[in-house]
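Everything below concerns the one structure shown next.
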Amino acid sequence: MRFSELNLKLPNWVEPFLDGFDTDLSTTEQRMKLVIELSRENFKKNTGGPFAAAVFDLDSGNLLHCGVNLVESVGCSIAHAEVVALSLAQQALGTYDLSQNNRRCQLLTSTEPCAMCLGAICWSGVSSVVCAARDEDARRIGFDEGDKPTDWIATLTKRGIAVERDILRESAADVLKSYADSGGIIYNPKSLND
């Protein structure tokens, strides 16, 4: 039996996209615009679902890494945008804990985290999470977001992770709707509520 490695590599279009993105990234809203545009480009370029995330160093304001949904392109159910962004940021910094050396990192995500990504966030070392679209926006087009605690925000807050919601929600929800309207694959559409 041959084993291969999981290669979480961003699509080739991401780096030129980031180089050409000329918006100042000093505010939360401007950073979220970047994330939402990454989510839009990801499905338009047929490299994954309509989700994106980015990790920023809060003290320097620098983008540490970004991620887009790679579930389809790498054939891996855990390759959600948040997991990709967190993993690549951790690899870039050489640590599994983004809070190492008192670093404060923020994860911005185009849609609130699903059950799996919620777990990944808990152990990532980020100090805050900012979300655009809501869980119900993703469910509305058919995605199964899994079973999360009803008050998942309190779960993160209890761990010292601040949460901010609804930053450019309408724009992010429009990307989700555009994806569904274009015939994009809604993977894992079953839910326990069916």
Side-chain angles (χ1 to χ4, degrees), residues 6 8 28 32 35-36 38-40 42-43 47-55 65-90 96-99 105-194:
L6 175 62
L8 292 180
T28 301
M32 188 59 79
V35 170
I36 292 169
L38 282 167
S39 70
R40 183 183 323 276
N42 196 44
F43 93 77
T47 51
F51 304 100
V55 178
H65 231 297
C66 65
V68 293
N69 178 283
L70 300 174
V71 169
E72 294 174 53
S73 60
V74 300
C76 181
S77 64
I78 65 166
H80 288 202
E82 296 93 332
V83 171
V84 172
L86 292 168
S87 298
L88 293 175
Q90 289 166 338
Y96 63 87
D97 182 358
L98 294 174
S99 67
C105 292
Q106 182 176 67
L107 174 70
L108 287 92
T109 181
S110 63
T111 304
E112 290 177 345
C114 69
M116 178 185 65
C117 293
L118 180 63
I121 289 167
C122 290
W123 294 305
S124 68
V126 298
S127 58
S128 64
V129 176
V130 180
C131 310
R134 288 207 179 185
D135 179 277
E136 56 260 33
D137 299 325
R139 290 182 192 271
R140 188 175 302 115
I141 67 166
F143 281 103
D144 177 5
E145 296 298 280
D147 299 326
K148 297 190 303 191
T150 303
D151 197 356
W152 62 272
I153 294 172
T155 300
L156 291 180
T157 302
K158 190 165 109 176
R159 290 175 171 270
I161 303 169
V163 177
E164 193 173 352
R165 300 166 79 190
D166 299 334
I167 303 300
L168 304 178
R169 178 183 179 187
E170 189 174 309
S171 295
D174 285 344
V175 171
L176 294 171
K177 184 176 180 325
S178 295
Y179 177 78
D181 291 347
S182 75
I185 296 172
I186 308 292
Y187 46 84
N188 298 338
K190 280 186 157 180
S191 74
L192 296 174
N193 298 327
D194 289 344

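Note that these values count all heavy atoms, side chains included, but never hydrogens, waters or copies made by symmetry. Just so it is clear, the model here is predicted, and its values are computed rather than measured.
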Test side-chain contact (heavy atoms from CB on, under 4.5 Å) applied to L86 and V126, step by step = CA-CA 9 Å; L86 292 168; V126 298; 3.7 Å; yes

Flag side-chain contact, heavy atom, 4.5 Å: [X] against [Y]:
X	Y	value
W152	V163	yes
P149	L118	yes
R134	D166	yes
T111	L176	yes
S127	S99	no
R165	V130	no
L156	C122	yes

Worked check of side-chain contact (heavy atoms from CB on, under 4.5 Å) between I185 and Y179 | CA-CA 8 Å; I185 296 172; Y179 177 78; 4.0 Å; yes

Kindly give the heavy-atom pair with the smallest separation between [X] and [Y], and that separation in Å.
X	Y	answer
E145	E112	OE1-O, 3.8 Å
I121	I161	O-CD1, 3.8 Å
L107	A85	CD1-CB, 4.5 Å
S39	P50	CB-O, 3.6 Å
A133	A173	CB-N, 4.0 Å
N42	T47	OD1-OG1, 2.6 Å

Once rounded to the nearest 0.5 Å, what's the spacing between atom [atom1] of [X] and atom [atom2] of [Y]?
X	Y	atom1	atom2	answer
L38	N69	CG	CG	12.5 Å
I141	S178	CD1	OG	9.5 Å
I78	S87	CD1	OG	7.5 Å
L108	M32	CG	CE	4.5 Å
T150	I153	OG1	CD1	11.5 Å

Given the rule in the side-chain contact (heavy atoms from CB on, under 4.5 Å) test, do Q106 and V129 qualify, once you have shown the distances and angles that lead to the verdict?
-> CA-CA 6 Å; Q106 182 176 67; V129 176; over 6 Å; no

Kindly determine whether E72 and F43 satisfy side-chain contact (heavy atoms from CB on, under 4.5 Å), including the steps that lead there.
-> CA-CA 11 Å; E72 294 174 53; F43 93 77; over 6 Å; no

For ring pair (Phe, Tyr, Trp, His ring centres under 6.0 Å), just list the numbers for F143 and F51, CA-CA rounded to whole Å, side-chain angles, deciding distance to a tenth of an Å, and then say yes or no.
-> CA-CA 11 Å; F143 281 103; F51 304 100; 5.1 Å; yes

Spell out, as yes or no, whether a donor-acceptor pair under 3.5 Å connects the side chain of S110 to the backbone of A52.
->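 The answer is yes, because a donor-acceptor pair under 3.5 Å joins these two groups.
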
Is the backbone N or O of D135 less than 3.5 Å from a side-chain atom of K148, with the two atoms forming a donor-acceptor pair by type?
->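 Side chain of K148 to backbone of D135, a donor-acceptor pair under 3.5 Å: no, none is there.
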
E164 and R169 ion-paired at < 4.0 Å |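 Looking at E164 and R169, the cut-off is not met.
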
Listed by chain and number, what are the salt bridge (Lys or Arg N to Asp or Glu O under 4.0 Å) partners of D181, not counting sequence neighbours?
->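 Here the qualifying residues are K177.
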
Kindly check if the number of other-residue, nucleotide or ligand heavy atoms within 6.0 Å of CD (E170) is above 12?
->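 No, because the 6.0 Å sphere around CD of E170 holds 12 heavy atoms or fewer from other groups.
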
Could you note down all residue pairs passing salt bridge (charged side-chain N to carboxylate O under 4.0 Å, His left out) where residues 114-123 supplies at least one of them, sequence neighbours left out?
->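 For residues 114-123, and leaving out neighbouring residues, there are no salt bridge (charged side-chain N to carboxylate O under 4.0 Å, His left out) pairs at all.
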
